[in-house]
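Data first, discussion second: the structure below is written as C-alpha cells.
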Amino acid sequence: AQKVTQAQTEISVVEKEDVTLDCVYETRDTTYYLFWYKQPPSGELVFLIRRNSFDEQNEISGRYSWNFQKSTSSFNFTITASQVVDSAVYFCALSGPNAGKSTFGDGTTLTVKP
Amino acid sequence: DSGVTQTPKHLITATGQRVTLRCSPRSGDLSVYWYQQSLDQGLQFLIQYYNGEERAKGNILERFSAQQFPDLHSELNLSSLELGDSALYFCASSVGAGPGHGAFFGQGTRLTVV
C-alpha cells in the first residue's frame with residue numbers, strides 16, 4: 001500500500017521568509033513517481049513538479065526547489081523568499097509504476113503574511 | 001488555465017438524485033482521472049480511463065460510474081446521492097496511461113447534496 005504523509009497541517013510565515021514543506025512517502029514499488037501540486041484559494045489544482053524514483057537530482061525552478069532523498073523517503077519542497085501569492089494548500093502525491101492513480105497527502109496550508 | 005474543462009462548476013441537488021459531471025481533457029491527452037476531494041477524506045482517486053478503457057480503479061462507490069467516450073471526454077455519474085457525497089470532484093488528464101507525466105487538473109465541480 002502507498003502512503004503519503006505531510007506532517008505539517010498549517011504553516012504561517014511572513015513575506016520574504018523561506019519555508020520548507022515536508023513530504024514523507026511509503027511504497028513497496030521500486031519505480032514510482034512523486035508530485036507536488038498547489039491548490040490556491042480559488043480551488044483548482046496546479047501541477048508543480050514530477051520526479052521519478054531513479055532521479056534523485058534536486059530541482060530548482062525560480063523560487064521553488066525540491067529535495068528528493070530516497071534514503072529517508074522524503075520529497076521536500078522549499079519556497080525561497082515567500083510571497084503572499086504563495087498562500088495555498090500544497091499537496092504531495094505518489095504514483096506507482098503503472099496506472100496513473102496518485103495517492104495524495106492531506107496537504108499543508110501555507111499562509112504568507114505581508 | 002490547465003486546458004482541462006469541467007462542467008458544471010457548481011451543482012446543488014437533493015438526496016436520492018442522480019447527476020452527471022463532465023470533463024474534457026487537454027488536447028492530445030488520452031488519460032482521464034477522476035478524484036473526489038472532501039473535508040474528511042481528503043483527495044481520493046476514483047477512477048482512470050485511458051483511450052476509452054478503464055485503466056485503474058480506486059475508492060469509487062458502486063453508486064458512482066464513469067465512462068470515456070470516443071472523443072475522449074469523460075462523464076462521472078453519481079446516483080442515489082447522499083449528504084456525504086458533497087465534495088469537490090476533480091477531473092485530470094495526461095498524455096499517457098502511466099504516471100510518468102504529470103496530470104493536469106480541471107477547476108473542479110463542487111457538488112452540494114441537500
Side-chain angles (χ1 to χ4, degrees), chain A residues 1-10 23 25 27-55 59 61 64 66 68 75 77 88-109, chain B residues 1-6 9-10 23 25-26 29-51 53-60 66 68 74 87-111:
Chain A
Q2 297 180 332
K3 185 177 179 181
V4 176
T5 302
Q6 295 179 255
Q8 305 150 308
T9 305
E10 295 183 13
C23 173
Y25 61 91
T27 180
R28 293 182 181 177
D29 295 317
T30 53
T31 300
Y32 52 88
Y33 297 83
L34 295 161
F35 305 86
W36 275 95
Y37 291 89
K38 174 183 179 180
Q39 187 174 38
S42 51
E44 74 272 23
L45 276 166
V46 179
F47 166 72
L48 296 177
I49 191 172
R50 173 194 77 247
R51 174 68 69 225
N52 72 53
S53 53
F54 296 105
D55 183 1
E59 177 142 346
S61 176
Y64 295 171
W66 291 269
F68 175 33
F75 186 42
F77 174 30
V89 182
Y90 290 87
F91 291 94
C92 179
L94 168 68
S95 291
N98 298 316
K101 62 178 180 177
S102 293
T103 299
F104 281 76
D106 289 336
T108 297
T109 300
Chain B
D1 184 0
S2 68
V4 179
T5 304
Q6 288 188 249
K9 286 190 169 46
H10 301 276
C23 170
R26 292 187 317 161
D29 285 358
L30 299 179
S31 268
V32 169
Y33 314 78
W34 286 98
Y35 285 84
Q36 178 194 57
Q37 185 179 30
S38 60
L39 285 176
D40 55 343
Q41 299 276 354
L43 261 165
Q44 298 279 321
F45 168 76
L46 296 178
I47 198 163
Q48 176 197 5
Y49 279 82
Y50 175 73
N51 205 19
E53 300 288 327
E54 184 182 301
R55 175 78 179 186
K57 213 167 187 175
N59 301 321
I60 187 166
Q68 186 179 28
S74 178
L88 190 53
Y89 291 84
F90 283 107
C91 168
S93 73
S94 67
V95 171
H101 305 273
F104 292 84
F105 283 74
Q107 293 199 319
T109 293
R110 184 168 296 281
L111 172 67

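Proteins get letters first, then strands, A, B, ... in listed order; numbering begins at 1 in each.
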Contacts of A:Tyr90 meeting side chain to side chain donor-acceptor pair (under 3.5 Å) (sequence neighbours excluded), chain-then-number -> none
All heavy atoms of B:Phe90 vs all of A:Glu44, minimum pair found to be CE2-CA, 4.3 Å
Under 4.5 Å to a heavy atom of chain A? For B:Gln37 that would be side chain
The interface call for A:Tyr32 against chain B, heavy-atom contacts under 4.5 Å, is neither
To the nearest 0.5 Å, atom CZ of B:Phe45 lies from atom CD of A:Gln2 at 11.0 Å
Self-check item: CG/A:Asn52: more than 12 non-hydrogen atoms of other groups inside 6.0 Å
Solution: yes
When the 4.5 angstrom heavy-atom criterion is applied to B:Leu43 and chain A, the contacting part is both
Residues pairing under salt bridge (Lys or Arg N to Asp or Glu O under 4.0 Å) where one sits in residues 34-47 of chain B, two or more places apart or in two chains, turn out to be none
Counting neighbours of CZ on A:Arg51 that are heavy atoms of other residues, nucleotides or ligands and sit closer than 6.0 Å, is the number greater than 12? yes
**Minimum side-chain heavy-atom gap B:Ser2-A:Phe47 below 4.5 Å** = no
